[in-house]
Visitor: 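Structure provided below as structure tokens; questions to follow.
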Number of protein chains: 2
Amino acid sequence: MLEGKFDESTLLKKIVDSVKDCVKLCNFNCTEHGITVQAVDDSRVLLVSLLVGQTAFSEYRCDRDVTLGIDLESFSKIIKCGNNEDYLTLLAEDSPDSVMTIFEDKKKERVSEYSLKLMNIDSEFLKIDDMEYDTVINMPSSEFAKIVRDLKNLSESLNIIVTKDSVKFTSEGEVGTGSVVLKPYTDMDKPEESVNVHLDNPVDLTFGLKYLNDIIKATSLSSTITIKLADKTPALFEYKLDVGGYLRFYLAPKFDEDE
Amino acid sequence: MLEGKFDESTLLKKIVDSVKDCVKLCNFNCTEHGITVQAVDDSRVLLVSLLVGQTAFSEYRCDRDVTLGIDLESFSKIIKCGNNEDYLTLLAEDSPDSVMTIFEDKKKERVSEYSLKLMNIDSEFLKIDDMEYDTVINMPSSEFAKIVRDLKNLSESLNIIVTKDSVKFTSEGEVGTGSVVLKPYTDMDKPEESVNVHLDNPVDLTFGLKYLNDIIKATSLSSTITIKLADKTPALFEYKLDVGGYLRFYLAPKFDEDE
DNA sequence: ACCCTCGCGA
DNA sequence: TCGCGAGGGT
């Protein structure tokens with residue numbers, strides 16, 4: 001039996017909304033440690049890896065491992081049925097054919113329950129190796145989101161060049177060219193505003209803005225984003241959950257051009 | 001070489017947004033005194049005349065006159081890429097094929113640059129004579145905007161009758177009739193709330209609300225609007241820029257009806 | 001161009 | 001806590 005209770009329904013709502021635009025169906029793998037999801041987007045380019053640690057729940061119990069094959073579109077609709085401050089509990093049997101979502105109002109005596117039919121979804125669970133990266137950037141997630149939104153007006157590709165004292169984002173298109181240059185910067189008062197660059201080797205990589213645009217849907221999950229880059233290697237874009245866990249996106253750079 | 005730096009990107013944003021709904025393409029004429037634009041709206045009825053004086057810039061330099069043919073739609077997108085408080089600098093060569101827009105964050109080490117391809121736009125530069133008008137009205141721009149918004153629900157035309165002690169706006173349509181009457185009024189504490197009428201001759205004129213609706217897009221540029229009217233003469237609607245300059249609209253009254 | 005959502009201020 | 005304004009998405 002799985003029983004996971006969130007203190008507020010917003011967390012799960014944000015998580016599902018962060019992913020549902022690029023992944024329609026996925027397996028929630030529930031273990032005693034929490035819930036993980038691995039999925040590729042519909043074009044099989046972007047790899048999504050989610051961990052909701054058991055610390056993210058106010059109560060959590062998972063007697064034996066269980067896999068919930070969920071249609072995120074429908075699940076998202078269900079989650080929106082609660083009020084943001086409601087307790088949200090996920091419930092499933094050991095061999096479930098459905099998952100129950102229960103909302104409880106904190107003050108009032110109001111309980112709502114929604115059961116969602118599960119699906120059988122094949123997916124190999126990929127073992128993702130911990131990698132060495134050439135560069136690790138830590139920056140405000142909202143700032144990264146703005147850069148992606150602004151530059152996607154100009155072309156389909158975003159080039160990222162990191163040197164020891166700057167990060168440069170560039171997009172070149174028909175009507176014009178845009179670039180944003182960030183210098184590492186430490187804000188004492190608001191550390192989440194800081195831009196931090198750890199660099200072993202400079203990198204010069206290009207990514208599809210279509211996919212980056214899916215990635216930034218997760219902006220509300222964390223005030224900062226960590227970007228790990230290495231030549232000819234899928235980049236890692238990570239949003240850490242305050243309460244324990246993360247949402248990670250792996251995206252391979254474009255190879256073909258100019259070399 | 002042209003180099004014009006605004007202390008805040010909002011001013012240019014407001015100016016472009018005020019005009020781009022009625023004018024798609026226009027020439028920015030840059031001289032040592034500042035930047036002027038003259039253009040007619042797509043239906044060739046409304047004449048727009050902009051002056052951004054060099055005092056509007058925190059730094060301004062224009063070695064020789066240069067004309068920048070700009071697609072306002074694209075330009076508006078670029079200007080939105082800055083944050084409102086950023087410095088905004090326009091840069092162009094002497095014979096440019098593009099104009100560069102540079103944003104600089106005031107605190108952080110962030111610089112973004114956007115280059116926009118220029119276009120070749122024909123437009124005669126019209127000499128607009130200083131006119132004698134029968135009536136000059138000065139009033140809060142927001143109040144004028146509300147009158148236009150409210151009365152355009154009723155018909156396509158707005159009638160303005162000015163007598164020595166009142167200004168009457170009327171719109172008569174199928175479903176009903178509306179009118180707003182203003183008396184001249186002086187607010188000592190908030191002069192920008194005053195309604196001021198200088199009248200040499202009474203006027204009774206009618207304008208197309210479609211065009212007035214374009215004009216009021218400029219409301220945020222100034223807390224007051226100056227309206228100059230004379231019989232059978234294009235009316236002048238002027239928003240003065242605090243920092244030096246103006247945005248003027250010239251609109252001919254309707255003739256044919258009822259006389 | 002219009003509608004919806006999020007953030008900030010009262 | 002509610003309302004208003006701004007920004008982003010469809």
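What's counted below: heavy atoms across the whole structure, side chains too, no hydrogens, waters or symmetry copies. The chains referred to below are lettered A, B, ... by the order of the sequence lines, with proteins before strands, and numbering in each begins at 1.
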Visitor: How close or far is atom C1' of C:dT5 from atom NZ of A:Lys80, stated in whole angstroms?
Guide: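 About 11 Å, once rounded to whole Å.
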Visitor: Given atom CG of B:Asp17 and atom C1' of D:dG8, what is their separation to the nearest angstrom?
Guide: 14 Å
Visitor: Grab the two heavy atoms, one from A:Thr224 and one from A:Ser222, that are nearest each other, plus how far apart they are.
Guide: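 Looking at all heavy atoms of both residues, the shortest contact is O-OG, 2.9 Å.
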Visitor: Between B:Asp42 (CG) and C:dA1 (P), how many Å, whole number?
Guide: 10 Å
Visitor: Measure from CG on B:Asn213 to C1' on C:dC2 and round the result to the nearest Å.
Guide: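 Rounded to the whole Å, the gap is 14 Å.
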Visitor: In whole Å, what is the span from the CG atom of A:Asn153 to the C1' atom of D:dG7?
Guide: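 Spelled out: CG on A:Asn153 to C1' on D:dG7 is 14 Å.
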Visitor: Of A:Leu205, A:Leu212, A:Thr170, which is the lone residue that meets side-chain contact (heavy atoms from CB on, under 4.5 Å) with A:Leu158?
Guide: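 The passing option is A:Leu212.
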Visitor: Starting from P on C:dA1, measure out to NZ on B:Lys210 and report it in whole angstrom.
Guide: 11 Å
Visitor: For the side chain of B:Asp21, starting at C-beta, report the closest nucleotide among D:dG7, C:dA1, D:dG8.
Guide: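 Nearest nucleotide to the side chain: C:dA1.
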Visitor: Any chance NZ of B:Lys146 has more than 12 other-residue heavy atoms, nucleotides or ligands included, within less than 6.0 Å?
Guide: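 At most 12 heavy atoms, drawn from other residues, nucleotides or ligands, come within 6.0 Å of this atom.
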Visitor: Counting just side-chain N and O atoms, does B:Asn84 come under 4.0 Å of either OP1 or OP2 of D:dA6?
Guide: no
Visitor: Whole angstrom is fine here: how far is it from CZ in A:Arg149 over to P in D:dT10?
Guide: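 It is 12 Å, rounded to the nearest whole Å.
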Visitor: In whole angstroms, how far is the P atom of D:dG7 from the CD1 atom of A:Ile147?
Guide: 18 Å
Visitor: Mind checking whether A:Tyr87 and A:Phe103 have ring centres under 6.0 Å apart?
Guide: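 No, too far apart.
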